[in-house]
Amino acid sequence: LESEKGERLAQALAAGWQALQTDDSGSAITFFETAIAIEDDNESALEGLERARVRPALLQLMEEGEIARSNDDLQNAQVAFLKAVELDRAYEPASIALLETTDQITGLAFADSMSRALSAMDAHQISTAEKALREAASLKPDEQVVRDTQQQLTRLKQKLWLASQRQKGINDEQNENWSGAVAVYR
C-alpha cells in the first residue's frame, strides 16, 4: 500500500510538472492538488501548485511585455517582465526577457551618452562632455570606447588650454604687457 501511495505521488508530481511545462496551469493545479492530498507537506507539490496558480497572470505579463517590446516601448516591457519574474523566479523565459530588455535599455542609454559626449566635444563644451562620459562609463564601465573617448577629451582639454594660453600671450604682446607675455610663454 505504501509503495502504491509513493507511485501515485510520483505520477501526480510528474504529470503536474509536465502540465506546467506546457503552460497548462489548470491540469497542473489538479495534479499538484492530488499530490498534496497524498502527501500534504510535499515541497515539490507545494512549489508546483504555487507556480501553477500564478502561471496565467505570468503569461499575461509576458504577452504584455512582448507587445511592448515589439512596439519599442522598452520601459513598459521591462516593467512587465520584472513583474513576471517576481511572480515566478524559476520561470526562465521571464528572466531571459527581462535581461534582454534591460540590456537593450542600457545599450540605448549608453549610445545616447556617448553621442552627447562626442557632440559636446565637437562644440568644445568640456563639462558637458565630461558629464556624458561619466554617464556612459557608469552604464558600461568596461567599454574600450569610453576609455578612448576619455583620452580624446584629455587631449582636447590640453589643446584648448594651450590655445587659450597662446591667445593670452598674443593679447599681452599687443598690449605691450611684456612681463605677462613672458610669463605665459614659459
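Any value given below was found using the heavy atoms of this structure, including those in side chains, with hydrogens, waters and symmetry copies removed. This one's a predicted model, so the numbers in the text were calculated from it and none came from an experiment. One is the number of the first residue; the rest follow in order along the sequence.
In this structure, the side chains of Ile126 and Leu160 come closer than 4.5 Å at one or more pairs of heavy atoms. The shortest distance between side-chain heavy atoms of Val85 and Tyr91 does not fall below 4.5 Å. Looking at heavy atoms from C-beta onward, Leu9 lies out of side-chain contact with Glu7 at the 4.5 angstrom threshold. The closest side-chain heavy-atom distance from Lys140 to Val145 is not below 4.5 Å.
The number of heavy atoms from other shown groups lying within 6.0 Å of NZ (Lys83) does not exceed 12. Within 6.0 Å of atom CD in Glu92, 12 or fewer heavy atoms from other residues, nucleotides or ligands are found, so the atom counts as exposed in its surroundings.
If you run side chain to side chain contact (heavy atoms under 4.5 Å, CB included) between Met121 and each of Glu130, Lys157, Gln152, only Gln152 comes through. Across Val54, Leu87, Asp23, a single residue satisfies side chain to side chain contact (heavy atoms under 4.5 Å, CB included) together with Leu59, and that is Asp23. For the side chain to side chain contact (heavy atoms under 4.5 Å, CB included) with Asp88, the qualifying choice from Glu50, Arg53, Arg51 is Arg51, the only one to do so.
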Quick one: do Lys159 and Arg155 satisfy side chain to side chain contact (heavy atoms under 4.5 Å, CB included)? Show the steps, please. CA-CA 6 Å; Lys159 176 184 166 188; Arg155 287 191 297 272; over 6 Å; no

Test side chain to side chain contact (heavy atoms under 4.5 Å, CB included) applied to Phe31 and Gln18, step by step: CA-CA 10 Å; Phe31 288 121; Gln18 181 61 38; over 6 Å; no

From CA spacing to verdict: side chain to side chain contact (heavy atoms under 4.5 Å, CB included), Ser113, Leu139: CA-CA 9 Å; Ser113 295; Leu139 294 168; 4.1 Å; yes

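For the atom pair CG of Leu13 and CD of Glu47, the computed distance is 10.5 Å after rounding to the nearest 0.5 Å. Atoms CE and CG, on Met62 and Leu98 in that order, are 9.5 Å from each other to the nearest 0.5 Å. Atom CG of Asp122 and atom CG of Leu118 lie 7.0 Å apart (nearest 0.5 Å). Note: Ile38 CD1 to Glu4 CD = 9.5 Å, rounded to the nearest 0.5 Å. Taking CG of Leu74 as the start and CZ of Phe81 as the end, the distance is 9.5 Å to the nearest 0.5 Å. We find the OG1-CG distance between Thr149 and Leu133 to be 6.0 Å, quoted to the nearest 0.5 Å.
In the model, Arg147 has a side-chain atom that pairs as donor or acceptor with a side-chain atom of Gln144 under 3.5 Å.
Residues meeting the ring pair (Phe, Tyr, Trp, His ring centres under 6.0 Å) test with Phe32, sequence neighbours left out: Trp17. With sequence neighbours left out, Thr128 forms a side-chain hydrogen bond (donor to acceptor under 3.5 Å, both in side chains) with no residue at all. Residues that satisfy the salt bridge (charged side-chain N to carboxylate O under 4.0 Å, His left out) test with Lys131, not counting sequence neighbours, are absent from this structure. Taking the side-chain hydrogen bond (donor to acceptor under 3.5 Å, both in side chains) definition, one finds that Asp103 meets it with nothing, sequence neighbours left out.
One hydrophobic cluster, built from ILVMFWY side chains closer than 4.5 Å, holds both Met114 and Leu156. Under the 4.5 Å side-chain heavy-atom criterion for Ile, Leu, Val, Met, Phe, Trp and Tyr, Phe110 and Leu153 are members of the same hydrophobic cluster. Hydrophobic clustering (ILVMFWY, side-chain heavy atoms < 4.5 Å, transitive): Ile96 and Leu99 are in distinct clusters.
Here Arg116 pairs with Glu135 in a salt bridge; the nearest charged N to carboxylate O distance falls below 4.0 Å.
Taking each heavy atom of Ala28 and Gly16 in turn, the nearest pair found is CB-O, 3.6 Å. Pro141 approaches Ser138 most closely through the heavy-atom pair CD-O, 4.2 Å. Of all heavy-atom pairs spanning Ile36 and Ala45, the tightest one is CG1-CB, 3.6 Å.
Screening residues 61-74 for side-chain hydrogen bond (donor to acceptor under 3.5 Å, both in side chains) gives Gln60-Glu64, Glu66-Arg69, Arg69-Glu100, Arg69-Thr101, Asp73-Asn76 as the qualifying pairs, with residues at least two apart or on separate chains. Sequence neighbours left out, the pairs with a member in residues 25-36 that pass side-chain hydrogen bond (donor to acceptor under 3.5 Å, both in side chains) are Asp24-Ser27.
Proximity of a side-chain donor or acceptor of Ser115 to a complementary backbone N or O of Ala111 within less than 3.5 Å is not detected.
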